[in-house]
Amino acid sequence: MDTDVLVAWFAETARLVHRERERLTDLDAAIGDADHGSNLDRGFSEVARALATSPPDTPAQVLATAGATLIRRVGGASGPLYGSVFRQMGKSLTSPVTLAGFAAAFEEGVVAAERLGKAALGDKTMVDALVPASRALALAVRDGVGVREAFEQAARAAADGAKATIPLQARKGRASYLGERSVGHEDPGAASAALLMAALATVVA
Amino acid sequence: MDTDVLVAWFAETARLVHRERERLTDLDAAIGDADHGSNLDRGFSEVARALATSPPDTPAQVLATAGATLIRRVGGASGPLYGSVFRQMGKSLTSPVTLAGFAAAFEEGVVAAERLGKAALGDKTMVDALVPASRALALAVRDGVGVREAFEQAARAAADGAKATIPLQARKGRASYLGERSVGHEDPGAASAALLMAALATVVA
Amino acid sequence: MKKLINTAESVVDDALNGMAAAHPTLRIRDRVVYRAEGPRRGKVGLVSGGGSGHEPLHAGFVGHGMLDAACPGEVFTSPVPDQIIDATRAVDGGAGVLHIVKNYTGDVLNFEMAAELVEGVDVASVLVDDDVAVQDSLYTAGRRGTGATLFVEKIAGALAEEGAPLARVAAVAGEVDDRSRSFGIALTSCTTPHAGKPTFDLPETDVELGIGIHGEPGRARVPMASARELAGIAMEAVHGDLPLRGDLLVMVNGMGGTPLMELYVVFAEVAAFVRGKGARVARSLVGNYVTSLDMQGFSVSICLLDDPLTRLWDAPVETPGLRWGR
Amino acid sequence: MKKLINTAESVVDDALNGMAAAHPTLRIRDRVVYRAEGPRRGKVGLVSGGGSGHEPLHAGFVGHGMLDAACPGEVFTSPVPDQIIDATRAVDGGAGVLHIVKNYTGDVLNFEMAAELVEGVDVASVLVDDDVAVQDSLYTAGRRGTGATLFVEKIAGALAEEGAPLARVAAVAGEVDDRSRSFGIALTSCTTPHAGKPTFDLPETDVELGIGIHGEPGRARVPMASARELAGIAMEAVHGDLPLRGDLLVMVNGMGGTPLMELYVVFAEVAAFVRGKGARVARSLVGNYVTSLDMQGFSVSICLLDDPLTRLWDAPVETPGLRWGR
Ligand SMILES: Nc1ncnc2c1ncn2[C@@H]1O[C@H](COP(=O)(O)OP(=O)(O)O)[C@@H](O)[C@H]1O
Ligand SMILES: Nc1ncnc2c1ncn2[C@@H]1O[C@H](COP(=O)(O)OP(=O)(O)O)[C@@H](O)[C@H]1O
Ligand SMILES: [Mg+2]
Ligand SMILES: [Mg+2]
Ligand SMILES: [Mg+2]
Ligand SMILES: [Mg+2]
């Protein structure tokens with residue numbers, strides 16, 4: 001896995017988020033404030049632009065740029081949270097990049113977001129998609145699965161994790177204000193995390 | 001025609017205006033500010049109450065009370081205008097009240113409103129119903145027609161006058177702001193003047 | 001229609017009770033809103049009034065440096081002469097009283113009747129007619145009084161506060177009206193509490209140009225456009241009637257249901273237009289000042305300032321709706 | 001949805017341009033709104049911020065006696081750390097800077113990041129969380145910051161203007177938050193420019209209880225009721241959490257699309273409720289101060305005053321959105 005793959009990952013994420021922008025905003029309208037789609041569309045399109053304008057030399061730089069750009073351009077809850085995932089990944093990633101190295105860095109990125117947001121699995125946040133994705137990667141590494149297969153499993157785990165937020169009552173973020181009324185809706189941040197992992201699976205496919 | 005007939009006139013007007021309140025407001029919504037129904041409902045119900053609470057001794061007193069009450073309680077354009085009609089009628093009416101005396105006093109009342117509002121026939125105002133009604137009464141007097149027949153003719157003339165405002169472009173009042181867009185709508189004040197004359201025909205029927 | 005009211009019948013009195021509870025500087029009696037401290041000997045009294053539903057106009061402009069009394073009528077219905085007579089008598093400090101009347105048939109007739117009936121008080125009157133959407137011709141009731149009413153009340157109020165005599169306060173009030181123009185655009189109709197449904201239907205695709213402040217339909221209906229285009233339409237109408245030049249007082253006024261953020265967007269366009277004509281925004285107001293219940297939309301009002309008028313505009317004012325300098 | 005905007009993307013910058021054009025007392029640079037005169041040596045700087053769409057909060061409260069800078073984010077989206085860092089550096093007069101942060105995950109995270117990254121400036125932070133509709137428990141993100149933000153900004157601003165040190169300004173800001181509670185009710189949803197449709201559907205027959213200021217649905221939906229009943233629901237919620245007593249600062253705040261007349265109707269009911277509990281409306285505000293775009297509805301905020309807080313509330317303030325005493 002090289003710099004180009006990571007750049008492609010963010011380009012594909014930007015494309016998916018742009019395409020799914022309205023769905024993400026609709027999910028946020030139901031239990032939040034109807035801006036998750038435009039927040040992430042703004043953020044990832046900036047990331048894609050930044051990566052295209054001044055192409056980074058190393059995988060770590062790709063992640064650092066993505067993290068900093070999201071923090072600098074998104075705002076809201078998702079900006080610092082996604083930003084922290086990639087910023088931390090960039091710090092943790094060792095080179096050359098192996099699947100094991102990527103999985104470990106991703107795990108540290110997810111932990112950074114968990115720490116920052118103080119959210120745990122089951123709180124109905126992006127964590128509910130990110131943690132299962134991270135675990136799927138760790139299992140794939142343990143089982144010696146190939147990159148493509150590993151990322152597909154991670155994407156599936158994230159998607160399942162996102163769907164699994166539907167029956168939950170939110171305990172973190174804006175949706176928690178709704179109390180029981182948050183039950184029955186998919187968390188927008190979990191849904192966007194699933195897109196992120198889907199993009200990863202696509203670019204190595 | 002005695003005091004009781006005039007009291008009954010206002011009671012019947014109050015009833016009709018209350019019943020037609022929404023229609024009058026709808027007419028005013030189309031070319032004005034959607035308050036004519038509530039303005040006149042408030043005004044004539046106050047008149048009816050005032051006349052019931054302290055019954056006047058003379059026909060002139062009935063009219064004076066009606067005029068003063070409308071001026072004191074309605075506001076808007078229609079309050080001073082209808083108020084002036086009855087206030088002037090009350091001043092002009094001689095006793096005992098004959099049809100000729102009533103017709104003459106009504107004529108003076110209408111002239112008072114025309115002077116106050118500076119509106120002429122064809123300006124698309126209440127004048128377009130009041131003036132034909134007044135003329136019908138004058139003709140009835142000239143032709144020696146009975147009271148009942150005279151008031152029916154006046155009511156018909158007022159109703160026709162009101163309908164005849166539909167194709168006109170308003171030159172006075174709020175509807176004049178609309179320019180050509182006032183064409184095609186019945187003037188609310190003309191419509192309420194038609195109700196007033198219809199009430200008169202009813203109470204002598 | 002959902003409204004924060006108890007009943008349509010009680011809405012005016014209920015709102016006045018709220019004003020009284022919120023503003024110790026006001027005293028409210030028999031549907032007249034007065035300054036709590038009463039008339040000042042030798043000061044010209046200023047009385048205005050009109051239908052309710054335009055808040056903060058007029059009652060919100062009662063206080064030091066502005067009105068002495070306001071007479072609120074029913075929603076969109078001029079006050080009755082009794083209110084105006086009461087107000088005129090109560091605020092007379094011996095120097096006479098100026099009636100500030102928006103040019104609507106109902107307002108004009110009721111103020112005229114009151115002025116005739118009030119005795120022993122020197123009364124002058126100024127008619128505000130700033131709305132360029134209406135032709136001032138034999139075929140109309142003349143131009144409506146809209147946003148510039150605030151300018152007249154503020155500037156005449158400052159002059160009266162300084163102790164100027166009635167004739168001069170009336171003359172300057174008239175001058176402010178002469179130098180002011182307005183134009184309004186509605187995105188939605190308003191809904192009166194009594195009618196309970198929108199006064200006019202306006203599809204999602206259209207706006208009404210040249211509206212008044214009573215939910216009367218405008219002069220024309222055009223497709224919805226950007227803030228820049230709509231501001232341009234309004235400003236061209238104003239500028240076409242009274243060319244912009246020199247120092248301007250500019251108000252971008254919300255019709256009651258428009259968020260402040262959008263009014264600032266419009267103001268940016270209006271300011272650019274003004275600069276484009278070589279004139280200057282010397283003073284400005286952005287907000288909901290002369291409203292039409294819950295209507296969405298805006299109006300622009302401009303006044304050609306000169307030094308004396310600017311000084312009077314800047315003079316201290318302390319009312320619920322407008323306050324600076326104290 | 002019709003909005004007075006050019007594009008959904010440009011609405012925040014366009015509105016800021018309008019603010020800059022309208023208010024010479026402000027200077028706007030890189031999405032931060034500053035006092036034009038810059039920082040004062042030895043004075044604690046006050047920085048707040050949050051999503052746009054709540055105008056006049058926060059940018060409209062920049063000026064003498066209140067904020068030194070405001071950081072507006074995208075509509076309903078917290079500002080980014082860069083804005084907050086810029087603002088914090090720029091307003092530091094050597095006495096440190098207080099961040100006034102509404103308790104939302106996004107606001108908290110972005111202000112925290114900024115506070116960590118800004119160097120060489122003494123930064124303290126106060127979290128505003130006044131909304132009693134939200135339980136403050138392990139199962140929520142804690143209470144939201146809503147109307148009381150204005151109280152905190154005004155009172156902390158007055159104290160900072162007097163030259164109090166950072167620790168004391170922060171402590172009093174926290175005290176104001178402790179003594180304040182709010183509750184909001186929506187008659188309609190708002191519509192964000194980006195989404196272009198109402199955030200939630202609310203039938204003509206219902207209202208949402210316990211809403212925030214971002215168009216989040218509330219805690220419960222109940223049938224529409226009179227102003228008296230709705231004010232009662234809001235006040236019971238507040239009183240149940242913090243019993244009313246003594247002198248109160250009471251704000252009846254419109255959500256952006258509510259006419260002032262209706263807010264006064266609500267205020268009358270709120271004042272009656274307060275009297276009924278043996279407390280007193282000592283100070284009040286009625287108007288659109290902490291809004292949610294074009295939402296119709298209101299919130300009530302109360303603060304239990306004491307003499308020092310009342311004095312600070314009364315101190316001069318000169319901002320676009322709140323002004324008295326100068
Ligand atoms: N404390 C938290 N920890 C982790 N994720 C969170 C937290 N709070 C919110 N989120 C995520 O952020 C998403 C909302 O993002 P977004 O709508 O962009 O921001 P905002 O809530 O500020 O409007 C939620 O759906 C949730 O997944
Ligand atoms: N100058 C006028 N002369 C005669 N009638 C008038 C004049 N102006 C208005 N009217 C009448 O008043 C009616 C409107 O009354 P109303 O709605 O109660 O008052 P307002 O126009 O003040 O809201 C119009 O339909 C018209 O018939
Ligand atoms: Mg959101
Ligand atoms: Mg009318
Ligand atoms: Mg009217
Ligand atoms: Mg948000």
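What you see below is based on every heavy atom in this structure, not just the backbone, and it leaves out hydrogens, waters and symmetry mates. A, B, ... follow the sequence lines: proteins, then strands. Residue 1 opens every chain.
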Item to complete: Give a yes or no on this: more than 12 heavy atoms of other residues, nucleotides or ligands lie within 6.0 Å of atom CG of C/Asp201.
Response: no

Discussion item. Using heavy-atom distances under 4.5 Å, tell me whether C/Glu269 contacts chain D through its side chain, its backbone, both, or neither.
Written reply: side chain

Fill in: Residues of residues 281-292 of chain D within contact distance of chain C, non-hydrogen under 4.5 Å
D/Ser284, D/Val286

Discussion item. For D/Arg326, which atoms come within 4.5 Å of any heavy atom of chain C: side chain, backbone, both, or neither?
Written reply: backbone

Discussion item. Report which part of C/Ala21 has an atom under 4.5 Å of a heavy atom belonging to chain D: side chain, backbone, both, or neither.
Written reply: both

Worksheet item: With a cut-off of under 6.0 Å to the ring centre and 45° to the axis, is D/Lys277 in cation-pi contact with D/Phe273?
Response: yes

Item to complete: Go through the atoms of C/Leu57 and report whether side chain, backbone, both or neither lie under 4.5 Å from a heavy atom of chain D.
Response: neither

Worksheet item: Backbone N or O of D/Phe61 within a donor-acceptor pair of the D/Thr319 side chain at under 3.5 Å?
Response: no

Fill in: Portion of C/Arg228 that has a non-hydrogen atom of chain D nearer than 4.5 angstrom
both

Discussion item. What part of C/Leu230 gets within 4.5 angstrom of chain D, counting heavy atoms only: side chain, backbone, both, or neither?
Written reply: side chain

Worksheet item: Checking D/Lys154 side chain against D/Trp313 main chain: does a donor-acceptor pair fall under 3.5 Å?
Response: yes

Discussion item. Counting only heavy atoms not in D/Arg35 (residues, nucleotides, ligands), do more than 12 fall under 6.0 Å from its CZ?
Written reply: yes

Worksheet item: Do D/Ser10 and D/Asp14 meet the criterion of a side-chain donor-acceptor pair at a distance under 3.5 Å?
Response: yes

Worksheet, complete the sentence: Cut-off 4.5 Å, heavy atoms of chain D, and the answer for C/Pro24 is neither

Fill in: Side-chain donor-acceptor contact under 3.5 Å, C/Glu74 with C/Ser52
no

Worksheet item: What do you reckon, are the aromatic ring centroids of D/His23 and C/Phe267 less than 6.0 Å apart?
Response: no

Discussion item. Under 4.5 Å from any heavy atom of chain D, what part of C/Gln296 do you find: side chain, backbone, both or neither?
Written reply: side chain

Discussion item. Heavy-atom cut-off 4.5 Å, strictly under: side chain, backbone, both or neither for C/Met224 against chain D?
Written reply: side chain

Worksheet item: By a 4.5 Å heavy-atom criterion (distance strictly below it), what part of C/Val270 contacts chain D: side chain, backbone, both, or neither?
Response: neither

Practice prompt. Counting only heavy atoms closer than 4.5 Å, note whether C/Pro72 contacts chain D via side chain, backbone, both or neither.
Written response: neither

Practice prompt. Specify the closest pair of heavy atoms between C/Ala158 and C/Ala315, including all atoms of both residues, with the distance to one decimal.
Written response: CB-CB, 3.8 Å

